[in-house]
Amino acid sequence: MSKYSIDPNGYYGEFGGAFVPEILRKNVVELKENYLQIIENEEFKKDFQKLLKDYVGRPTPLYFAKRLSEKYGTNIFLKREDLCHTGAHKLNNALGQILLARKLGKTRIVAETGAGQHGVATATVCALMNMECVVYMGETDVKRQFLNVQRMRMLGAKVVPVMSGNRTLKDGTNEAIRDWCCNPKNTHYIIGSVVGPDPYPDMVARFQSVISEEIKYQLQEQTGRNYPDKLLACIGGGSNAAGTFYHYIDDERVKFYAAEAAGLGLDDPEKSAATIHLGKKGVLHGSLSLVMMTDDGQIVEPYSISAGLDYPGVGPMHAFFAKCGRTKVLAVTDAEAMQAAMELTKLEGIIPAIESAHALAMLPKINFVKDENVVITVSGRGDKDMNTYVKYFNMEE
Ligand SMILES: *Cc1c(COP(=O)(O)O)cnc(C)c1O
């Protein structure tokens, strides 16, 4: 065990744990007692790897971005998670969890979704595995992300609009947990990021760790060295970042940089989603981490132009890595992210998701030495964000 590992009680340092209602205790214990044994089983690994290859389209390319590299005076490689089936890294995790749910004998899947990407990934694997699928989504998000609602419905999922709270991701998550409480026997809850009660953060990180597993051998092939100097990723809950960092966590030659969505800036917590910068220690959705909340413990509704990053919590791993200095966390505003998205589009012909653009927007904020190797994970593609881009850049003509 290293100083960065999760401990047997599910804590990264002071963050993590499993804070669940009594009625769910049994499910969480069932998961905890079985997940490692199942996912390390050779037959499971073979099934998972085959689907990652033939269905998701892995390995995703590690692309040397020549013009971007020239602009920033260093060697920049893009890890192209945007090329995964359904458009983002989320399918890696959804696929792993549905295979696990089958092994546990579950027949029904519930999930939460904000921007709809995790809902689409979950609906996709449920269609693939012929499982019943219910996705809880705040009613505000149902309106904002209607294309993804239509995709989920076409895939056969039942999308339930949630009318409580601000009707966004946090409220969808509450409702998914409530459903799981009512149907603990036959239902598995597929959480979409490295959040939630232990063992979810560790389990999701393991499913996403295929990203850094590939980076290792792809860098070896392309640079003759299997590690980069710097790794950059964006953080909502933190799953693409966890996957990007995973196999380098104990390799301190590799510096980690994570971008949080600062929305309109750090001055007004109601106009930001920078949880690590602005959050306080608290429990949200089953784990102790940093949470955007008022002094008396009310959750603050976060804001970001990117619907995939406006979560009021963050995975306990990232709260810990930030606190002990393993990861440098930078706050990126809406405007900086939008500029970075346009820059990547113009220089490399790649339209990124707005979430991923937050990672790219760290480039002007970091001092690079000439000829270091830098890997940035492009977590998803920008198709789902075209309306926002068109409006923001006045491209309506
Ligand atoms: C959901 C999403 C994110 C944020 O989630 P993480 O768990 O932090 O990775 C980032 N990028 C894209 C494209 C997403 O769909």
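If you read the sequence from its start, that first residue is 1, and numbering goes on from there. Order of listing sets the numbers, starting from 1, for every ligand and every atom in it.
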Mutual orientation of the aromatic rings belonging to F321 and Y12 [parallel < 30°, tilted 30-60°, perpendicular > 60°]: perpendicular
Parallel, tilted or perpendicular: rings of F64 and F77 (30°, 60°):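 Answer is tilted, since the angle falls between 30° and 60°.
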Over-ring placement of R206 relative to Y246, 6.0 Å and 45° cut-offs: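 No, a cation-pi geometry is absent between R206 and Y246.
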So for ligand 1, is [X] a polar contact partner (N or O within less than 3.5 Å, distance only)?
X: S193; value: yes
X: H89; value: yes
X: S239; value: yes
X: G380; value: no
X: A88; value: no
X: K90; value: yes

Residues D141 and R144 bridged, charged N to O under 4.0 Å: yes
E214 and R80 ion-paired at < 4.0 Å: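 A salt bridge is absent here (no side-chain N lies under 4.0 Å from a carboxylate O).
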Close approach of R381 to ligand 1, heavy atoms, under 4.0 angstrom: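 Outside the 4.0 Å threshold, so no.
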Nearest candidate to atom 9 (O) of ligand 1, where distance is taken over non-hydrogen atoms, out of V120, V195, T86, N240: N240
From the candidates S379, C234, G236, A357, the one that places a heavy atom nearest atom 8 (O) of ligand 1: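 Answer by nearest heavy atom: G236.
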Crowding at CG, D295 (>12 non-hydrogen neighbours, <6.0 Å): no
Using a 4.0 Å cutoff against the non-hydrogen atoms of [X], which atoms of ligand 1 qualify?
X: I235; value: 8 (O)
X: Q117; value: 15 (O)
X: G308; value: 4 (C)

Nearest heavy-atom neighbours spanning T60 and K79: O-NZ, 2.7 Å
Any donor-acceptor pair under 3.5 Å from R167 side chain to T140 backbone: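 Between the backbone of T140 and the side chain of R167 there is no qualifying donor-acceptor contact (under 3.5 Å).
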